[in-house]
Amino acid sequence: MDEIVAEYIRRTVLKIPRDEIKTVLQKWGFLSEVQLQTINFCQIKENISQDVVQLCEENSAGIKQAAVLDIIYNHIYSNKRVWSVYQMNKTGEEMDFFDLTDFKKKFKRRLQSALTNVTINFREYEDNAIWIRIAWGTPYTKPNQYKTSYVVYHSQTPYVFISVSVLKSNLPLLCQALVAASNYHDIHEMELRSHSLNSLKDIVFKRYSQNFQSYYPRPIQERNVAPENSRINQENRNEKERIQRVNLEVFGDGPQPKLEFARYKLETMFKSDPQMNVLNKKEPFRCLVKFSSPHLLESLKSLAPVGMADAPLSPLLTCIPHKARNYFKIKEKKGVSPRSFVSP
């Protein structure tokens, strides 16, 4: 076995929590149950990794087997990466039959024709998700297995989830390969980003809870309230109930998907008194709005109840998950679409 492959397998094993190493190796399936029984999983991780490498040497593991182990690791611990959402578009309404073998062939051919030193590995999962691992090289260097890009593509949908390495210059090549392999015309970034891949899927596939609460408990009546303050207290209770009701109508009563980043562009005309002559030319006002938070949607949901914003919130804030299907082109009067990669 190549020393580079052995070192990569060793480092991958070291990243896995010790109590879960055996489970991950069983999902990998490269080592037999008899071989796994020879490993003492109670010892320190360094010794476990050395034992795994030794068994892989007996099985003559190659870079393909090491890449599959890496895919399994990233599938289980997908929150270790930052994921962005892309949406592909067709020129017409025609529906093409999806052929996985043809998709793989076209994807590899497009990437390898543009860049010789690149390794590509695929793995299919039961939810129609195709995981693609790409290790990039240069015309003069071999692919770097430690700087990989990951793509999760759900067949029969236009949505792609991409986690890029530090080599962001290869992103256009990756997008061109996806468009060509899936028979779409172009691909747009939706400006949705998060460590939680499942939450991003919940947003674009509309899988998160939107059940509205039909019963609202009455607030507890306060005792010993002075007569002169009763009207003020009642107004405060009514306002709290109104905020709660509006929040439920907008966000629902279920947990929000974990979104960490959102961005959109605005272009609107500046309004002023013509007599003030503030603007000589009718130039549009442009701005770029960015939001980031460990849990963006839950943060927005809590603004009104804690008194930091009026209820209801502006539609520019509450429509973030609802506008996802339109590659997140949010507009006030005239929207500016995000950057895109178009198929030649």
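Note that the structure is a prediction, hence the values are computed from the model and not measured.
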Inset, instruction - Would you kindly confirm whether Y86 and V82 end up in one hydrophobic cluster when ILVMFWY residues are joined by side chain heavy atoms under 4.5 Å apart? - result: no
Legend entry - Nearest-0.5 Å distance, CD1 of residue I16 to NZ of residue K45: 8.0 Å
Inset, instruction - Check the pair Q65 / N59 against side-chain hydrogen bond (donor to acceptor under 3.5 Å, both in side chains), numbers first and verdict last. - result: CA-CA 10 Å; Q65 288 74 29; N59 291 11; over 6 Å; no
Legend entry - Shared hydrophobic cluster, I48 / L14 (ILVMFWY, side-chain heavy atoms < 4.5 Å): no
Legend entry - Residue pair V5 / A61: nearest heavy atoms and the distance that separates them: CG1-O, 4.1 Å
Legend entry - Student check: side-chain heavy atoms of I39 and K22 closer than 4.5 Å: no
Inset, instruction - Output yes when a side-chain donor or acceptor of N117 lies under 3.5 Å from a complementary backbone atom of T138, and no otherwise. - result: yes
Inset, instruction - Kindly say whether N121 contributes a backbone atom to a donor-acceptor pair with the side chain of K64 at under 3.5 angstrom? - result: no
Inset, instruction - Please lay out, stage by stage, how Q145 and D70 fare under the test side-chain hydrogen bond (donor to acceptor under 3.5 Å, both in side chains). - result: CA-CA 10 Å; Q145 303 299 329; D70 188 54; over 6 Å; no
Inset, instruction - Answer yes if the side chains of H75 and K27 hold a donor-acceptor pair under 3.5 Å, and no otherwise. - result: no
Legend entry - Euclidean distance, I162 CD1 relative to L174 CG, rounded to 0.5 Å: 5.0 Å
Inset, instruction - First locate atom CD1 of I187, then atom OG of S182, and finally report the distance between them rounded to the nearest 0.5 Å. - result: 7.5 Å
Legend entry - CD1 (I4) with more than 12 external heavy atoms under 6.0 Å: no
Inset, instruction - Start with the C-alpha distance between L36 and L55, add both sets of side-chain angles, then the distance that settles side-chain contact (heavy atoms from CB on, under 4.5 Å), and finish with yes or no. - result: CA-CA 9 Å; L36 291 178; L55 293 174; 5.6 Å; no
Legend entry - Any side-chain heavy-atom pair of V118 and Q112 under 4.5 Å: yes
Legend entry - Considering all heavy atoms, the nearest T148-R81 contact: OG1-NH2, 2.9 Å
Legend entry - NZ on K108 to OG1 on T119, rounded to 0.5 Å: 9.5 Å
Inset, instruction - Looking only at non-hydrogen atoms, find the nearest pair between A180 and K106 and report the distance. - result: O-CD, 3.8 Å
Inset, instruction - Tell me yes or no: between the side chains of Q50 and E46, is some donor less than 3.5 Å from an acceptor? - result: yes
Legend entry - Side-chain touch V34/S32, heavy atoms, less than 4.5 angstrom: yes
Legend entry - Identified side-chain contact (heavy atoms from CB on, under 4.5 Å) counterpart of K201 within the set F161, Y159, W83: F161
Legend entry - Side chains of I132 and F103 in contact at under 4.5 Å (non-hydrogen atoms): yes
Legend entry - Heavy-atom check, side chain of L178 versus side chain of F107, under 4.5 Å: yes
Inset, instruction - Step through the shown structure and confirm whether more than 12 heavy atoms of other residues, nucleotides or ligands are within 6.0 Å of CD on Q43. - result: yes
Inset, instruction - Would you indicate whether the side-chain heavy atoms of D2 and I63 approach each other to under 4.5 Å? - result: no
Inset, instruction - Return the set of residues passing side chain to side chain donor-acceptor pair (under 3.5 Å) with Y125 (not counting sequence neighbours), or none when no residue passes. - result: R123
Inset, instruction - Anything under 30° is parallel, anything over 60° is perpendicular, the rest tilted; go ahead and classify Y73 against Y77. - result: tilted
Legend entry - Criterion side-chain contact (heavy atoms from CB on, under 4.5 Å) on I130 and F98, from CA distance to verdict: CA-CA 12 Å; I130 305 166; F98 180 78; 3.5 Å; yes
Inset, instruction - Please tell me if the side chains of M190 and V204 come closer than 4.5 Å, counting only heavy atoms from C-beta onward. - result: yes
Legend entry - Interatomic spacing from CZ in F122 to CG in L100 - rounded to 0.5 Å: 8.0 Å
Inset, instruction - Please list, chain by chain and in numerical order, all residues satisfying salt bridge (Lys or Arg N to Asp or Glu O under 4.0 Å) with E124, sequence neighbours excluded. - result: K104
Legend entry - Test item: V13 and I21 side chains (from C-beta on) under 4.5 Å apart, heavy atoms: yes
Legend entry - Smallest separation among heavy atoms of P143 and A135, with atom names: CB-O, 3.5 Å
Legend entry - Y146-Y8 aromatic ring centre distance below 6.0 Å: yes
Legend entry - Trace of the side-chain contact (heavy atoms from CB on, under 4.5 Å) decision for F30 with I9: CA-CA 12 Å; F30 183 69; I9 292 176; over 6 Å; no
Legend entry - Reported OG1-to-CH2 distance for the pair T12 and W28, which is rounded to 0.5 angstrom: 8.5 Å
Inset, instruction - Go through the steps to decide whether V85 and Q87 satisfy the test side-chain contact (heavy atoms from CB on, under 4.5 Å), and finish with yes or no. - result: CA-CA 7 Å; V85 188; Q87 182 180 13; over 6 Å; no
Inset, instruction - For E58, look at atom CD and say whether over 12 heavy atoms of other residues, nucleotides or ligands are found less than 6.0 Å away. - result: yes
Inset, instruction - Return the minimal non-hydrogen interatomic distance between H154 and T157, and the atom names on each side. - result: O-OG1, 2.7 Å
